[in-house]
Amino acid sequence: MFADIITPEPRSQCVAHLWRFAQAREWLLEAGELITAKEAERRVLILENPGMRGESRITTSLYAGLQLVLPGEVAPAHRHSQSALRFVLDGSGAHTSVNGERTCMEYGDFVITPPWAWHDHGNDSDQPMIWMDGLDIPVASFFDASFAEGFDADEQPLSRETGDSQARYGANMLPVDYQPQGLASPIFNYPYARSREALEKMKQQQEWDPCHGLKMRYVNPVDGGYAMPTIAPFLQLLPRDFKTVPYRSTDATVYVATEGSGRSRIDGEEFNWGPRDIFVVPSWKWVEHEAGDEAVLFSYSDRVAQQKLGFWREQRGGD
Ligand code: GTQ
């Protein structure tokens, strides 16, 4: 039947869902007693969409997981075609190394591993560190374009000072003859402190988008596009008691609350969230957010890929 393969509207297996961070953290720490980061290669609890059991996807096109690195552990160096983002949710001071440079990670930092970049993670702090991983694994699988390999040592050699990329690409300047090295942003840590400070300053203007409050996208400074080639990351602030008007778009979106609390009505169902809780809004389902306390939400979706391919649509305001 024509209408089964060319549907008049998106028909997704992905369903709205919320994961409580506190519960996931308990399970992760239990996993930490059963297997090391090195044995597992990556010790991750996959956030699997309940509408797509067994498929390791949080949306149809994207993967999400929660990764634990315990003090003294190393998650060994490897590289793959898939891009990854990290969004730090617990602990302080663990590090990841990407292309010969190490960055230390703090709560709310958004960190990028570009496609085919060597990366290893380590924790020299005295607390467990947990972050959310967002990867384009289903996209790579869809195109049958997955490659991966291990490095011949647990940790890659460091060839740049910590902070080098931040200075070189993250200070509103670029090296004069800079040529892009691939499609991902050359900045690989977007510290929460700086992004949050920007929202704090802008909120004084009291200019709220009815659908989004105050919503920013993380950019690649080289071309002003999204920070990653397949995954679009965002950070938004909703002032206390702000209620957004209904909104829907074709990019199913993964949200994590970094501060404050609130609730979201997704496809007619209410989800209450607090700090570090993660929830997913499927493609083309109406969503409304309501902040209790002032809230900050990080989110990511495949919007950048859909826009490049000409598929992306949004509808504001509800009918
Ligand atoms: O840290 O490189 O959640 O390769 C899944 C696959 C994390 C990682 C994941 C990975 C990684």
Side-chain angles (χ1 to χ4, degrees), residues 19 21-22 24-47 63-80 82-114 117-135 150-151 153-166 170 184-185 187-196 218 227-228 233 235 256-259 275-276 278 298 300:
W19 290 264
F21 182 78
R25 185 176 189 275
E26 269 181 41
W27 287 331
L28 256 181
L29 292 175
E30 192 181 327
E33 291 169 13
L34 302 173
I35 191 166
T36 66
K38 188 169 172 177
E39 280 167 337
E41 186 154 349
R42 297 294 184 263
R43 188 203 291 112
V44 176
L45 289 184
I46 296 174
L47 301 176
Y63 160 103
L66 289 170
Q67 179 161 179
L68 169 69
V69 185
L70 290 170
E73 285 191 324
V74 171
H78 69 193
R79 62 179 177 177
H80 37 70
Q82 293 82 354
S83 311
L85 68 80
R86 329 282 168 193
F87 192 78
V88 179
L89 292 177
D90 205 24
S92 167
H95 60 264
T96 189
S97 301
V98 175
N99 285 333
E101 184 179 335
R102 184 174 273 195
T103 187
C104 285
M105 296 186 280
E106 302 298 333
Y107 184 70
D109 288 359
F110 157 58
V111 177
I112 298 175
T113 309
W118 293 113
H119 54 287
D120 47 274
H121 316 302
N123 186 349
D124 299 329
S125 83
D126 56 5
Q127 311 154 41
M129 180 163 256
I130 299 173
W131 61 75
M132 177 173 66
D133 288 317
L135 283 90
F151 195 70
D154 284 352
E155 296 184 281
Q156 64 184 292
L158 299 177
S159 53
R160 289 179 181 279
E161 291 292 316
T162 292
D164 184 84
S165 304
Q166 189 63 251
S185 169
I187 300 172
F188 74 112
N189 189 345
Y190 292 71
Y192 188 64
R194 291 180 65 179
S195 314
R196 183 66 184 85
Y218 289 89
M228 302 172 71
L235 192 70
V256 50
T258 64
E259 291 173 42
R276 304 168 204 226
I278 297 163
F298 172 82
Y300 70 94

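Atoms considered below: every heavy atom in the structure, side chains included; atoms not considered: hydrogens, waters and symmetry mates. Since we're looking at a predicted model, the values are computed, not measured.
- A pairwise comparison of heavy atoms in Ile187 and Gly170 identifies CD1-CA, 3.6 Å as the closest pair.
- To the nearest 0.5 Å, the span separating CG on Asp154 from CD on Glu73 amounts to 11.5 Å.
- For the side-chain hydrogen bond (donor to acceptor under 3.5 Å, both in side chains) test, no residue two or more places apart in sequence or in another chain qualifies with Ser97.
- At least one side-chain heavy atom of Leu68 sits less than 4.5 Å from a side-chain heavy atom of Arg43.
- Under the 30°/60° scheme for interplanar angles, the aromatic rings of Phe298 and Phe110 are found to be tilted.
- With a 4.5 Å cut-off on side-chain heavy atoms, Glu259 and Arg196 count as touching.
- Side-chain atoms of Asp164 never come within 3.5 Å of backbone atoms of Glu161 as a donor-acceptor pair (strictly under, hydrogens ignored).
- Heavy-atom minimum distance, Ala77 versus Ala153: CB-O, 3.9 Å.
- Using a 4.5 Å cut-off on side-chain heavy atoms (C-beta onward), Pro275 and Phe21 make no contact.
- Nearest heavy atom pair, residue Thr96 against residue Phe188, reads O-CE1, 4.4 Å.
- Put simply, the side chain of Arg102 never gets that close to the backbone of Leu158: no donor and acceptor are under 3.5 Å apart.
- The structure places CZ of Phe87 at 14.0 Å from OH of Tyr190, a figure rounded to the nearest 0.5 Å.
- Although no hydrogens or angles enter the test, the distance criterion places a donor-acceptor pair under 3.5 Å between the side chain of Arg276 and the main chain of Leu89.
- Asp124 pairs by the side-chain hydrogen bond (donor to acceptor under 3.5 Å, both in side chains) definition with nothing, not counting sequence neighbours.
- Here the side chain of Glu101 pairs a donor or acceptor atom with the backbone of Gly163 at under 3.5 angstrom.
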Side chain to side chain contact (heavy atoms under 4.5 Å, CB included) evaluation trace for His121 with Gln67:
CA-CA 10 Å; His121 316 302; Gln67 179 161 179; 3.3 Å; yes
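- The backbone N or O of Cys104 lies less than 3.5 Å from a partner atom in the side chain of Asn189, making a donor-acceptor pair.
- Considering all non-hydrogen atoms of both residues, Pro71 and Ser125 come closest at CB-O, 3.3 Å.
- Considering all non-hydrogen atoms of both residues, Gly32 and Leu70 come closest at O-CD1, 3.7 Å.
- Between Asp120 and Phe151 there is no side-chain heavy-atom pair separated by less than 4.5 Å.
- Other residues, nucleotides and ligands contribute over 12 non-hydrogen atoms within 6.0 Å of the CD atom of Gln127.
- Side-chain atoms of Tyr107 come within 3.5 Å of backbone N or O of Thr258 as a donor-acceptor pair.
- Put simply, the side chain of Asp90 does not reach to within 4.5 Å of the side chain of Pro128, judged on heavy atoms.
- Paired with Met132 under the rule side chain to side chain contact (heavy atoms under 4.5 Å, CB included), one option of Ile278, Val44, Val88 passes, and it is Ile278.
- Distance check, rounded to the nearest 0.5 Å: CG of Leu28 to CG of Leu45 gives 4.0 Å.
- No hydrogens or angles considered: nothing links the side chains of Tyr218 and Ser185 as a donor-acceptor pair under 3.5 Å.
- In this structure the side chain of Arg86 reaches within 4.5 angstrom of the side chain of His119, judged on heavy atoms.
- Put simply, the side chain of Trp131 reaches to within 4.5 Å of the side chain of Val69, judged on heavy atoms.
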How far apart are the C-alpha atoms of Arg194 and Gln166, what are their side-chain angles, what is the distance that settles it, and do they pass the side-chain hydrogen bond (donor to acceptor under 3.5 Å, both in side chains) test?
CA-CA 12 Å; Arg194 291 180 65 179; Gln166 189 63 251; 2.8 Å; yes
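- Nearest heavy-atom pair, Glu41 versus Ala75, reported as atom, atom and distance to 0.1 Å: O-CB, 3.7 Å.
- Under the 4.5 Å side-chain criterion, counting only non-hydrogen atoms from C-beta, Leu135 is in contact with His80.
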